[in-house]
Q: 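Quick one: structure below, then a few questions.
What you are looking at is a predicted structure, and each value in this text was computed from that prediction instead of being measured.
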Amino acid sequence: MRSHYCGQLNELLIDHSVTLCGWVHRRRDHGGVIFVDLRDRDGIVQIVFDPKQPEAFTLAERLRNEYVLQIQGQIRRRPPGTENSDLPTGQVEVVANQIDILNPAEPPPFQIDEVNINEEVRLRYRYLDLRRPTMLARFQLRAKVTSLLRTFLNEQGFLDIETPMLTKATPEGARDYLVPSRTHPGKFFALPQSPQLFKQLLMMAGMDRYYQIVRCFRDEDLRADRQPEFTQLDIEMSFIDETILKNIMESMIRMLFTEVLQVELPNPFPSLTYQEALLRYGSDKPDLRVPLELTEVSDLMTAVDFKVFAQPANDPQGRVAALCVPHGGKLSRKQIDDYTLFVNHYGAKGLAYIKVNDITAGREGLQSPILKFLPDPVINAVLERTQANSGSLIFFGADKAKIVNEALGALRLKIGDDLDLTQPGWKPLWVIDYPMFEWDDKEKRWFSLHHPFTAPKVQNIAALETDPIHCQSRAYDMVLNGSEIGGGSIRIHRTEMQAAVFRILGIGEAEAQEKFGFLLEALKYGCPPHGGIAFGLDRLVMLMAGAHSIRDVIAFPKTQTANCLLTAAPSTITTEQLRELHIRVHTTETVSS
RNA sequence: GGAGCGGUAGUUCAGCUGGUUAGAAUACGGCCCUGUCAAGGCCGGGGUCGCGGGUUCGAGUCCCGUCCGCUCCGCCA
């Protein structure tokens, strides 16, 4: 139907006859001459309608925005002075000889060139939203990313293998999306939270290197970076250790940034232990672009006559930490109060601070409601450790370590943003040496920090069982600009170890057999040492595209309550469908078709 | 489950301490116009102020409830 794309046209094609197809982006009717900006996936070009071509001209008078056209015409250089340097095709224009209205269009509910549209409207008319050049660019970027990843992995000997979407519900981790079985009354499939077990089975099958760009499903509450269905780049390798895997994955991500963004990432990526990340940044996914760090001051506060500090300082689970903000002294009382409210969200009961007016003036140069509780040596040590200067503001968090970390970690990012301290660019890193288990006080049992198939650093099962809290795992996360973009581990490849981990997690023999019997059995038949990683493709593309939500890099995303505003899914189904599935619905609303 | 912000014309928004007929821009319709590119000029149509209740002589505005969207906590790797 066409000879060229609109965006391809340039001076080299002058005098050529072309046939174009596309949408009316805009029409400018001067009465005697009509201009139409024709848009296709490749770009925009100006079409001119002259009354000397009365047939085409008459039709052009009827054109409206978003009409779909086929146009046959002649490319010519624009008359001097009428070139448009804002348009890549702006040196030329197409004089229309013939026009075919392939489809008229009603006025769209919003203008395609409008930037600031309510997301509700955009999602309701997503197919129109996607016509906008910024959206198109994001999906072109996403396609380039997946293409480069596939090429890289193919060249590295990875096999792209599909795994089931209809699979088995898992007890640990996120809530499953369930699919009722028609042929097995009362039984359900689960949609995969990730292909974790299948990729391990593929290693046991001798596939050696596997990858898949695969949809995963988790029925949990949504966020800007969380959708109920999302895409992972899932990877698994045999006969490797973490060094080999991390090297290959780093070079893959470096390649991606070079090819797509012309950005050179560090080689190698820096590495932080989980513990160090929490100590210095209060987070296991630190944003290294923010040049602020937490300072440990617990040891200074054990003997102070200030219960708010002394108690957590003496509690093995507690922590007292400082966040020193250079030039933070200019913050108003109101802003400090707002930050106090902000840390309240994370369970912090307050936010103590010291304003450093004059670092040389000792106690007199400081300003703080808590000053009277702190003896000189403590104050001096705090000032020295935080490297405070005149004009600095030092915030304090004192509570259970978890609360201090989350509160000051979040405050660090907020202040970095508010005071414009966040540096531009890209800061990738690995976070390693995760604890193997985490104690849940409510349920009184251990949980896997990563997942139950992650190998511990110790080989000795007895050591694992006697001291779970100090046991580290062979897990690793890749973090970029404060987002966890990938995570994985070396897996357990021996039956005894897997059984021991299940025991610690309180998964009984019978339950282990029922839920993971196939895996335990497979381990017996010659399982190679193996490990892998999974990248959150949506998050990665979001970051690379400079978008603020993964919804902007997913063609048809869901809302925060997991609705699709375009199709109105989920919806009720007929009683006939329910009957076939052996399901009865208990709601106040009646089920309709 | 919880906190915050928002919902007024097709769209983006304004609408103050409650007060006459709810405005603007843009889009849309008509007319004029031969070099614009966010074309321009003139004229016109367009509103269940998310929904339900309450307070009041009077509610877009105040109160209660509810629905929807967004951000966050919990939840989730």
Q: Roughly how far apart, to the nearest Å, are B:rG6 and B:rC16 at atom P?
A: 14 Å

Q: For B:rG58, which nucleotide in any strand shown is its Watson-Crick or wobble partner with both distances under 3.5 Å?
A: none

Q: If we take the C1' atom in both B:rU11 and B:rC32, what is their distance in whole Å?
A: 27 Å

Q: In whole angstrom, give me the gap between the P atoms of B:rC68 and B:rA24.
A: 34 Å

Q: What contact category does A:Arg64 fall into here, base, sugar-phosphate, or nothing, at under 4.0 angstrom with non-hydrogen atoms?
A: sugar-phosphate

Q: Verify the contact: side-chain N or O of A:Asn563 to OP1 or OP2 of B:rG69, cut-off strictly under 4.0 Å; return yes or no.
A: yes

Q: Provide the Watson-Crick or G-U wobble partner of B:rC13, both distances under 3.5 Å; none if there is no partner.
A: B:rG23

Q: Provide a list of protein-nucleic acid N or O atom pairs under 3.5 angstrom, restricted to nucleotides 11-14 of chain B.
A:
unit_1	atom_1	unit_2	atom_2	d
B:rU11	O4'	A:Pro109	O	3.1
B:rU12	OP1	A:Asn118	N	2.9
B:rU12	O3'	A:Asn116	ND2	3.3

Q: Whether A:Arg126 and A:Asp129 form a salt bridge (side-chain N of Lys/Arg under 4.0 Å from carboxylate O of Asp/Glu) is what I want to check.
A: yes

Q: NA contact type, A:Arg76, heavy-atom cut-off 4.0 Å: base, sugar-phosphate, or nothing?
A: base

Q: Does a side-chain N or O of A:Arg551 approach OP1 or OP2 of B:rU71 to a distance below 4.0 Å, or not?
A: yes

Q: Between A:Thr82 and B:rU36, is there a contact of a side-chain N or O with OP1 or OP2 at under 4.0 Å?
A: no

Q: Using atom CZ of A:Arg175 as one end and atom P of B:rC76 as the other, report the distance to the nearest whole Å.
A: 8 Å

Q: Is the shortest side-chain N to carboxylate O distance from A:Asp225 to A:Arg223 below 4.0 Å?
A: no

Q: What is the nucleic acid contact for A:Glu83, judged by heavy atoms within less than 4.0 Å: base, sugar-phosphate only, or nothing?
A: base

Q: Does A:His345 lie flat on the base of B:rA3, that is, centres under 5.5 Å apart and planes under 30° off?
A: no

Q: Please say whether more than 12 non-hydrogen atoms of neighbouring residues, nucleotides or ligands are located less than 6.0 Å from NZ in A:Lys285.
A: no

Q: Salt bridge check, A:Lys246 against A:Glu250: does any charged N sit closer than 4.0 Å to a carboxylate O?
A: no

Q: Do the side-chain N or O atoms of A:Gln193 get closer than 4.0 angstrom to the phosphate oxygens (OP1, OP2) of B:rC76?
A: no

Q: Report yes or no: is the cationic atom of A:Arg226 (NZ for Lys, CZ for Arg) under 6.0 Å from the centre of the six-membered ring of A:Phe230, at an angle within 45° of the ring normal?
A: no

Q: From the options B:rC37, B:rG35, B:rG69, select the nucleotide whose nearest atom is closest to the side chain of A:Thr559.
A: B:rG69

Q: So do the side chains of A:Pro192 and A:Thr170 get within less than 4.5 Å of each other, counting heavy atoms only?
A: no

Q: Among the candidates B:rG69, B:rA77, B:rG29, find the nucleotide nearest to the side-chain atoms of A:Ala174.
A: B:rA77

Q: A quick test of your reading: do over 12 heavy atoms of other residues, nucleotides or ligands sit less than 6.0 Å from CD of A:Glu61?
A: yes

Q: Find the partner of B:rG29: check Watson-Crick (N1-N3 plus N6-O4 or O6-N4) and G-U wobble (N1-O2, O6-N3) distances, both under 3.5 Å, and reply none if neither fits.
A: B:rC43

Q: Taking for each residue the nucleotide of RNA chain B bearing the nearest heavy atom, is the 5' side occupied by A:Pro107 or by A:Leu449?
A: A:Pro107

Q: Measuring to OP1 and OP2 of B:rA39, would you say a side-chain N or O of A:Arg26 lies under 4.0 angstrom away?
A: yes

Q: What contact category does A:His450 fall into here, base, sugar-phosphate, or nothing, at under 4.0 angstrom with non-hydrogen atoms?
A: base

Q: So, A:Glu229 and A:Lys558, do they make that salt bridge, N to O below 4.0 Å?
A: yes

Q: Is A:Thr561 near enough to B:rC68 that one of its side-chain N or O atoms lies under 4.0 angstrom from OP1 or OP2?
A: no

Q: Is a donor-acceptor pair below 3.5 Å formed from side chain A:Glu93 to base B:rG35, judging by atom type as modelled?
A: yes

Q: Give a yes/no on whether any side-chain N or O of A:Arg28 is located under 4.0 angstrom from OP1 or OP2 of B:rA39.
A: yes

Q: Rounded to whole Å, how long is the line connecting atom CG of A:Leu341 with atom P of B:rC72?
A: 18 Å

Q: Within the 3.5 Å criterion, strictly below it, is a donor on A:Arg28 or A:Gln46 matched to an acceptor on the partner's side chain?
A: yes

Q: Below 30° counts as parallel, above 60° as perpendicular, anything between as tilted: where do the rings of A:Phe342 and A:His345 land?
A: perpendicular

Q: Taking NZ, NE, NH1 and NH2 as the nitrogens, is one of them in A:Glu66 or A:Arg131 under 4.0 Å from a carboxylate oxygen of the other?
A: yes

Q: Identify whether any heavy atom of A:Glu106 sits under 4.0 Å from a base atom; if not, whether one sits that close to sugar-phosphate; answer base, sugar-phosphate or nothing.
A: nothing

Q: Contact list please: residues 219-228 of chain A against RNA chain B, heavy atoms, distance less than 4.0 Å, in numerical order.
A: A:Glu220, A:Asp221, A:Arg223, A:Ala224, A:Arg226

Q: What's A:Gly536 touching, base or sugar-phosphate or nothing? Going by heavy atoms closer than 4.0 Å.
A: nothing

